[in-house]
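The first residue in the sequence is number 1, and the count goes up from there.
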Amino acid sequence: MSRKEHRQSNTSPKAIRRQQREFRVRHTSIFFMLWAVFTALSLLIVALMGISQNASVTRVYKQETSSQLRAQSEQIKTDVLEVLEEENASINRAIRHLSTTYDVDIFLLNGDGEILYPQDFIGLDVGYADNFAKKIGLFKERLAAEHTQEVVYEGQGEYIYGTKLSVADNDGYLYVSKSFQLAQAVSEEFGVRTLIMCIFIFVLSLALSGVVSGWFTKPIIEMKKKATALAQGDFDVDFHGVDYGQELIELADALNFARDELSKTDAMQKELIANVSHDFKTPLTMIKAYASMIIEISGDNPEKRNKHAQVIVEETDRLASLVTDILALSKIRSGLETLKQEVFDMSSYVQSVLPRFQYLVEERGYVIHTKIEKGLYTRGDELKLGQVLYNLIGNAVNYTGDNKRVFVELSKITDNVFRFAVTDTGKGIKEEELSTIWDRYYRSSETHKRPVQGTGLGLSIVKTILERHHFVYGVSSEVGVGSTFYVDFPLVTEEIGDTDENA
């Protein structure tokens with residue numbers, strides 16, 4: 001995709017809307033989100049309660065109305081028939097009385113569905129008459145469709161009972177309706193009350209959600225201020241304050257742990273800079289001094305000149321070694337260098353590293369005891385692990401005791417693991433320093449000249465390489481006796497073959 005096409009894809013309407021949503025989310029405060037959720041939840045609860053109660057009341061009232069009409073219908077029919085059989089009976093007055101007694105509207109209709117009684121309903125206005133005629137038409141259709149003499153059903157705002165009946169020796173109908181307008185009135189009243197309640201809850205939630213949101217966000221705001229102070233280098237901040245629950249206590253614990261680790265890292269970084277600066281300054285001073293001596297004193301004396309020049313070469317090598325170690329450590333930790341994973345014979349590889357220390361045995365009287373079990377294969381970056389072996393053996397040589405003895409052992413400890421261990425007979429390491437020697441610019445306070453040139457970064461390089469491989473490593477030490485550094489390697493078979501992969 002070209003840059004132009006990439007820009008166009010990022011400015012599409014869909015992408016713009018997504019970016020706008022992400023911007024709103026990122027810039028929405030927790031206070032506002034809590035307030036909005038609290039308010040919306042309160043309104044939703046009130047609305048659901050109002051709607052459910054409204055629906056429940058309406059349903060119950062309709063059921064009651066229907067049941068009551070069904071229970072009264074037979075009695076009303078019987079009473080109407082008695083009235084029709086009485087001579088000189090005032091049918092209008094009797095129907096009115098029955099309507100009042102049973103709280104219903106009662107009509108006697110002829111075969112065409114026209115009102116016979118009560119007679120004062122005959123002269124209805126046109127609009128009401130048309131509406132009533134539609135109701136009667138629907139009633140007759142229900143009777144015909146159900147092939148029955150009587151029906152009970154729900155109409156518009158009322159329940160209706162109807163049956164065929166002989167009126168004045170002619171076929172007619174008894175039509176009874178019972179309104180549930182009261183339910184509609186109650187429903188409207190519930191709607192108004194629900195609206196008023198929603199307004200009240202909205203106003204109340206504004207106040208309560210503000211208090212609750214402030215209560216919840218207060219420790220977060222405090223932690224934010226302390227985190228800002230931590231970012232500015234204040235490692236004395238304590239993230240524990242007013243705790244509001246286990247989760248915030250655990251968060252404060254995690255932040256305090258991060259603060260302590262950052263403090264250690266900062267201290268190690270300052271120590272590293274100080275030590276590296278010192279190690280840079282010392283050889284540079286020596287180089288300058290001996291170069292000046294060559295110019296001013298030994299330039300014409302070949303023996304002295306060569307001696308002074310040799311010091312310059314050694315100090316230059318020391319500087320180059322320091323720079324190389326720093327760059328190597330930086331590349332490995334940053335992940336710029338990938339690990340070439342391959343299966344190789346660790347037993348043979350250890351044997352190939354040991355001759356690099358042979359000059360110490362021959363010229364300085366060091367004794368390196370070895371116990372190497374043959375045929376132990378592992379998978380890893382052979383060159384990087386070679387640095388680990390060399391640094392650990394060199395570290396043991398530098399810090400071993402006056403007897404100048406070092407013990408190197410490679411042996412299987414389980415069916416799947418073998419261990420490389422290097423033991424010296426030096427002064428040992430204090431228990432409180434065991435956990436830090438891998439992470440800091442570790443240099444012994446011993447003043448004797450160490451036989452293996454080192455920069456103090458060897459153990460840090462060892463740790464970084466082994467952690468990239470996910471290998472187990474460690475150190476055990478006893479003050480006045482010596483130290484043992486070890487690495488546990490996974491045991492693999494030679495037949496697996498070599499493969500390259502990124503770590």
Side-chain angles (χ1 to χ4, degrees), residues 51-86 89-168 170-193:
I51 293 172
S52 62
Q53 288 184 355
N54 192 355
S56 177
V57 169
T58 301
R59 184 180 66 257
V60 170
Y61 186 84
K62 286 183 177 182
Q63 291 175 349
E64 181 64 24
T65 301
S66 175
S67 301
Q68 187 177 14
L69 181 60
R70 290 176 184 275
Q72 294 173 346
S73 59
E74 290 299 326
Q75 186 62 45
I76 292 173
K77 179 180 179 181
T78 300
D79 292 344
V80 170
L81 289 175
E82 289 179 356
V83 171
L84 292 176
E85 292 175 357
E86 292 179 3
S90 177
I91 299 177
N92 279 326
R93 186 170 63 250
I95 290 178
R96 285 295 186 190
H97 175 72
L98 292 174
S99 297
T100 302
T101 301
Y102 294 105
D103 190 23
V104 294
D105 291 329
I106 302 175
F107 299 94
L108 291 177
L109 311 175
N110 60 22
D112 296 329
E114 297 174 346
I115 299 176
L116 296 177
Y117 299 103
Q119 294 180 345
D120 51 355
F121 271 83
I122 297 176
L124 298 175
D125 61 83
V126 177
Y128 188 89
D130 290 342
N131 186 46
F132 189 78
K134 292 179 181 179
K135 292 182 180 181
I136 298 302
L138 178 61
F139 159 65
K140 294 174 67 178
E141 290 176 2
R142 292 290 294 266
L143 275 177
E146 296 183 14
H147 304 288
T148 183
Q149 295 295 316
E150 60 183 18
V151 291
V152 178
Y153 61 93
E154 180 181 352
Q156 295 182 351
E158 60 186 357
Y159 272 100
I160 297 168
Y161 164 78
T163 184
K164 290 182 179 181
L165 198 68
S166 177
V167 181
N170 294 314
D171 291 337
Y173 302 97
L174 172 64
Y175 182 89
V176 182
S177 65
K178 188 174 185 67
S179 173
F180 45 78
Q181 291 181 350
L182 179 60
Q184 294 176 335
V186 171
S187 176
E188 292 175 358
E189 180 67 18
F190 261 101
V192 173
R193 289 179 178 272

Legend entry - From CG (L138) to NZ (K134), nearest 0.5 Å: 11.5 Å
Legend entry - Partners passing ring pair (Phe, Tyr, Trp, His ring centres under 6.0 Å) against Y159 (at least two apart in sequence or in another chain): F180
Determine all donor-acceptor pairs shorter than 3.5 Å in which one atom belongs to a side chain in residues 140-150; sequence neighbours excluded.
unit_1	atom_1	unit_2	atom_2	d
K140	NZ	G111	O	3.4
R142	NE	E146	OE2	3.4
R142	NH2	E146	OE2	3.4
H147	ND1	A144	O	3.4
T148	OG1	E150	O	3.4
E150	OE1	Y161	OH	2.8

Inset, instruction - With rounding to the nearest 0.5 Å, note down the distance linking CG in L98 to CD in Q72. - result: 11.0 Å
Legend entry - Nearest heavy-atom neighbours spanning L109 and L116: C-CD1, 3.9 Å
Legend entry - Results of salt bridge (Lys or Arg N to Asp or Glu O under 4.0 Å) for E154 - residues two or more places apart only: K62
Legend entry - Any L81 side-chain heavy atom under 4.5 Å of L165 side chain: yes
Legend entry - Residues forming a side chain to side chain donor-acceptor pair (under 3.5 Å) with N110, sequence neighbours excluded: E114
Inset, instruction - Test I95 against every option in I76, D105, I106 by the side chain to side chain contact (heavy atoms under 4.5 Å, CB included) rule and name the one that passes. - result: I106
Inset, instruction - Please name the residue in the list V104, L69, I160 that meets the side chain to side chain contact (heavy atoms under 4.5 Å, CB included) test with S177. - result: I160
Inset, instruction - Would you please name every residue forming a ring pair (Phe, Tyr, Trp, His ring centres under 6.0 Å) with Y175, sequence neighbours left out? - result: F132, F139
Inset, instruction - With the side chain counted from C-beta on, respond yes when N131 and K135 share a heavy-atom pair under 4.5 Å apart, and no when they do not. - result: yes
Legend entry - Partners passing salt bridge (Lys or Arg N to Asp or Glu O under 4.0 Å) against D103 (at least two apart in sequence or in another chain): K178
Inset, instruction - Could you tell me which non-hydrogen atom of S73 sits nearest to which non-hydrogen atom of R70, and how far apart they are? - result: OG-O, 2.9 Å
